[in-house]
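In the text below, chain A, chain B and the rest are named by the order of the sequence lines, each starting its count at 1. Here the structure is a predicted model, which means the values were calculated and not measured.
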Number of protein chains: 2
Amino acid sequence: MGQITIEEVAKLAGVSPATVSRALRSPEMVRDSTRKRVLKIIKEKKYVYHALAADLSRQRSANIGLIIPSTIGSIFVRTVFAILEKAQEHGYTVTIGNSKYNPEIEMSVLRTLNERHPAGLLLTGYCVRKEELLEEINRSGIPTVIMWEKPDDPQLSYVGIDNYRAAYTMTEYLIGLKHQRIGLILGPYSKVDRVHKRFEGYRDCLSDHGLPWDDLLVVEKEPTLADGMEAMNRLMSLANRPTAVFAASDVMAFGAMAAAKEKGLKVPADVSIAGFDDIDFSAYADPPLTTIRVNGIEIGEMALSCLLDMIENPSPQPRQICLKTDLVVRNSCRSLE
Amino acid sequence: MGQITIEEVAKLAGVSPATVSRALRSPEMVRDSTRKRVLKIIKEKKYVYHALAADLSRQRSANIGLIIPSTIGSIFVRTVFAILEKAQEHGYTVTIGNSKYNPEIEMSVLRTLNERHPAGLLLTGYCVRKEELLEEINRSGIPTVIMWEKPDDPQLSYVGIDNYRAAYTMTEYLIGLKHQRIGLILGPYSKVDRVHKRFEGYRDCLSDHGLPWDDLLVVEKEPTLADGMEAMNRLMSLANRPTAVFAASDVMAFGAMAAAKEKGLKVPADVSIAGFDDIDFSAYADPPLTTIRVNGIEIGEMALSCLLDMIENPSPQPRQICLKTDLVVRNSCRSLE
DNA sequence: CATAAAAATGATGACGCTTTCATTTATAAT
DNA sequence: ATTATAAATGAAAGCGTCATCATTTTTATG
């Protein structure tokens, strides 16, 4: 309860507040003897530094704001935790907001974070009302990095993956296995750019290989296990059911697997299933899931160091990093030959 | 970049800074016409409120600090996200620190969070150097709630589960299925109270039922899938191998399952496996996992509302809530009869 | 030992907002 | 119209720290 301030410490140590501040922030500016005296008082009186006041005074902040679009599916967990870890190492604190894939909320969360004047901002993808969001970002002048996505705007810094290419690759792999009817299960792609790119990759790949388009093969659901099951059920009850299903997230793929099993279908004997993300369980699933590996940890780490760099070395030109994704072939897809 | 302050807004609106502040924080105190005028300027000039300055001035904060012990295993994800969500609803912002199960780090993270003078503190369990930690907490006078654990100290507020009882229940269930040799796989129980309680529940239950003690049946590893596999391999290569294995976290249980399968053992025909947590995948695993259901979301939500209550209605007596856990019987354990 | 230069410390005014208290303006009552 | 009362606004002093500039003390140099 005893909220001692720097001033009282100064009084007790027989120095000025300025000296106490220096003893704390730039020890080399203060004589050893006095510094020791000050630190002793600080310890004795259990003085607690007031970082907020300091931030206000020196017009900077040791906090960075992070916005994630969702807490379900939790694909971003690894990224979030990687950021947390690295930020902590660098003496930064992280404040998290959840936009729930909702433009309104996204704006309001961004607002709230901005009001705390963070040193930098990390956004996971970005949403439909791009212009507005970007204006807010630009106006604030706060260094910002977009993650998990390669935004169209060339002015933005980002650390992302090529969702389009990855989805294209997976689709092409399935086609290579001679599948002709390939189902697609995805999250809210009409709202989320990142997912929409995956959709486009799938669509273009089919068309490039001369396969016919069928709306019924694409099912949009929430990115949860349960919804993955539902989506799969829908696909499997089609008159002309697909021989392979590409789920644009591993979690949904597991749902699809569960649904298939429930229907008595063997994977991959009766139907092939592919995922996207390569979460921990994928390698241990039954059967092990063929998927696209996305290194969420790396995204987080890169994004953070990128951001720190921008904070410390301001420069107008954006940092842009596109991480590679890998097709990980396991045993959930079989060749039709 | 244009960091307009309240003062400039005031000038432009032809009022005093105080009025601008009121127009923002207590609109009812200001005439409609002037409020509109002020808000118009604010919008025009893209003024951004400076929450830090406000917090400093009014000696409070709309930020709460959250410490989690680990990012691996990610059992706490649901709790963290639940907190995030609810906090956001109530206009609070959340800053997260990771103690990595390390007392030194825990102290330093707590320090850092404290220096930002949060409105309240949420700790996930608490660590070995309890006294020191508690002293820091008490001294700061910041409302604090411990989560996931029922601390020994009766002065502490907490929202937890009875880890001891839950583990006891599961062990008893296995014994009820006539298992005599029951392996135990757990995380770092020597370091983490929460896990240690589970260990004690297991141990006491065995002893209460007159079963002999065997050190070799207890394997301590990191709470990861890979380590779960390793632990299982160790148990399965025992001369006198257990007929059932209780993994004190679902993630490790999945590792155990994977290891069993790799060895050609069928679950539960050849060996029974039980988990703890009931994470999303557990119900969909093959076979569906028998486990202890812990409602991580509820823990988070309760802890937060408990904390908010403490923030708004300070009172010396601690709030203590012990949530119930359920034994969820699925198909990963069989009776030996 | 005197003097110049360097190092350490102090005084003071921000930083952007809130809040109390005083003052002015609007409303109600006579 | 004149008070009395209430509502709206303004002036100014913090909140706890940092940074600039001025001042004092120490060290180095001749």
Side-chain angles (χ1 to χ4, degrees), chain A residues 1-39 41-42 45-63 112 114-119 140-142, chain B residues 1-39 41-42 45-63 112 114-119 140-142:
Chain A
M1 237 3 170
Q3 299 292 33
I4 309 294
T5 81
I6 228 178
E7 193 163 355
E8 327 204 24
V9 173
K11 209 165 288 170
L12 290 168
V15 296
S16 76
T19 303
V20 177
S21 173
R22 283 191 276 252
L24 250 27
R25 308 336 289 173
S26 14
E28 75 284 357
M29 294 185 71
V30 98
R31 201 174 323 191
D32 265 28
S33 56
T34 52
R35 187 177 59 243
K36 269 181 199 143
R37 191 149 32 97
V38 168
L39 294 180
I41 300 285
I42 284 181
K45 298 299 177 187
K46 322 273 191 197
Y47 161 76
V48 180
Y49 181 64
H50 201 312
L52 259 48
D55 281 359
L56 176 61
S57 173
R58 66 162 85 165
Q59 303 265 73
R60 68 174 239 338
S61 160
N63 182 258
T112 308
N114 263 349
E115 290 183 347
R116 302 195 76 79
H117 288 239
S140 67
I142 296 177
Chain B
M1 240 356 175
Q3 299 293 33
I4 309 293
T5 82
I6 227 177
E7 193 163 355
E8 327 203 24
V9 173
K11 209 164 288 167
L12 291 168
V15 296
S16 77
T19 302
V20 176
S21 174
R22 283 190 277 251
L24 250 27
R25 310 333 291 174
S26 12
E28 74 285 359
M29 296 187 70
V30 99
R31 199 174 325 191
D32 266 28
S33 56
T34 51
R35 188 178 56 244
K36 270 181 199 142
R37 191 150 32 98
V38 168
L39 293 181
I41 300 286
I42 284 181
K45 299 298 177 188
K46 322 274 189 196
Y47 162 76
V48 180
Y49 182 63
H50 200 312
L52 259 48
D55 282 359
L56 177 62
S57 174
R58 64 162 84 166
Q59 303 266 72
R60 65 163 236 349
S61 160
N63 182 259
T112 308
N114 264 348
E115 290 184 347
R116 301 194 78 79
H117 288 238
S140 66
I142 295 177

Do any side-chain nitrogens or oxygens of B:T34 fall under 4.0 Å of OP1 or OP2 in D:dA8?
-> no
Short question: side chain of B:R37, backbone of B:A13 - any donor-acceptor pair under 3.5 Å?
-> yes
Touch class at under 4.0 angstrom, heavy-atom based, for B:R22 against every strand present | base
Once you round it to whole Å, what is the distance between C1' of C:dG16 and CG of B:L24?
-> 12 Å
Is there a donor-acceptor pair under 3.5 Å between the side chain of A:R35 and the backbone N or O of A:P27?
-> yes
Length of the CD-P vector between A:E7 and D:dG14, whole Å | 11 Å
Can you name the closest pair of heavy atoms from A:H117 and B:Y49 and give their distance?
-> NE2-O, 3.6 Å
Distance (rounded to the nearest 0.5 Å) between B:S16 OG and B:R22 CZ = 6.0 Å
Rounded off to whole Å, could you give me the CE-to-C1' distance for the A:M29 and D:dT26 pair?
-> 15 Å
Value rounded to 0.5 Å, distance of CG in A:L52 from CD in B:Q59 = 11.0 Å
Specify the residue among B:V30 and A:V48 whose closest nucleotide of DNA chain D lies further upstream toward the 5′ end.
-> B:V30
Using a cut-off of 4.0 Å on non-hydrogen atoms, how would the nucleic acid contact of B:V20 be classed: base, sugar-phosphate, or nothing?
-> nothing
Under 4.0 Å between a side-chain N or O of A:T19 and OP1 or OP2 of C:dG10?
-> yes
With side chain to side chain contact (heavy atoms under 4.5 Å, CB included) as the test, would you mind laying out the steps for B:L24 and B:I42 before giving the verdict?
-> CA-CA 10 Å; B:L24 250 27; B:I42 284 181; 3.5 Å; yes
For atom CZ of A:R116 and atom P of C:dG16, their distance in whole Å = 16 Å
Looking at residues at least two apart in the chain, or sitting in another chain, which of them share a salt bridge (charged side-chain N to carboxylate O under 4.0 Å, His left out) with B:R60?
-> B:D55
With heavy atoms under 4.0 Å as the rule, sort B:A54 into base, sugar-phosphate or nothing.
-> sugar-phosphate
Do the side-chain N or O atoms of A:S16 get closer than 4.0 angstrom to the phosphate oxygens (OP1, OP2) of C:dA11?
-> no
How long is the line joining CG of A:D32 and P of D:dT25, in whole Å?
-> 20 Å
Heavy-atom pair of closest approach, residues B:P17 and B:A10 | N-CB, 3.5 Å
To the nearest 10°, let me know how far the axis at one end of the helix from C:dC1-D:dG30 to C:dT30-D:dA1 is tilted from the axis at the other, five pairs an end.
-> 30°
Interatomic distance, OG1@B:T5 vs NZ@B:K11, rounded to 0.5 Å, equals 8.0 Å
D:dT17 C1' sits how many Å from A:L52 CG, rounded?
-> 11 Å
Are there any protein N/O atoms within less than 3.5 Å of an N/O atom in nucleotides 13-15 of chain C, and if so, which ones and at what distance?
unit_1	atom_1	unit_2	atom_2	d
C:dC15	O3'	A:Q59	OE1	3.1
C:dC15	O2	A:S57	N	3.4

Minimum-distance nucleotide (side-chain atoms of A:R31 versus D:dG10, C:dG10, D:dT26) = D:dT26
Over how many whole Å does the gap from A:K11 atom NZ to C:dT9 atom P extend?
-> 19 Å
Once you round it to whole Å, what is the distance between P of D:dT17 and CZ of A:R60?
-> 14 Å
For B:I142 and B:A119 the tightest heavy-atom approach is CG2-O, 3.9 Å
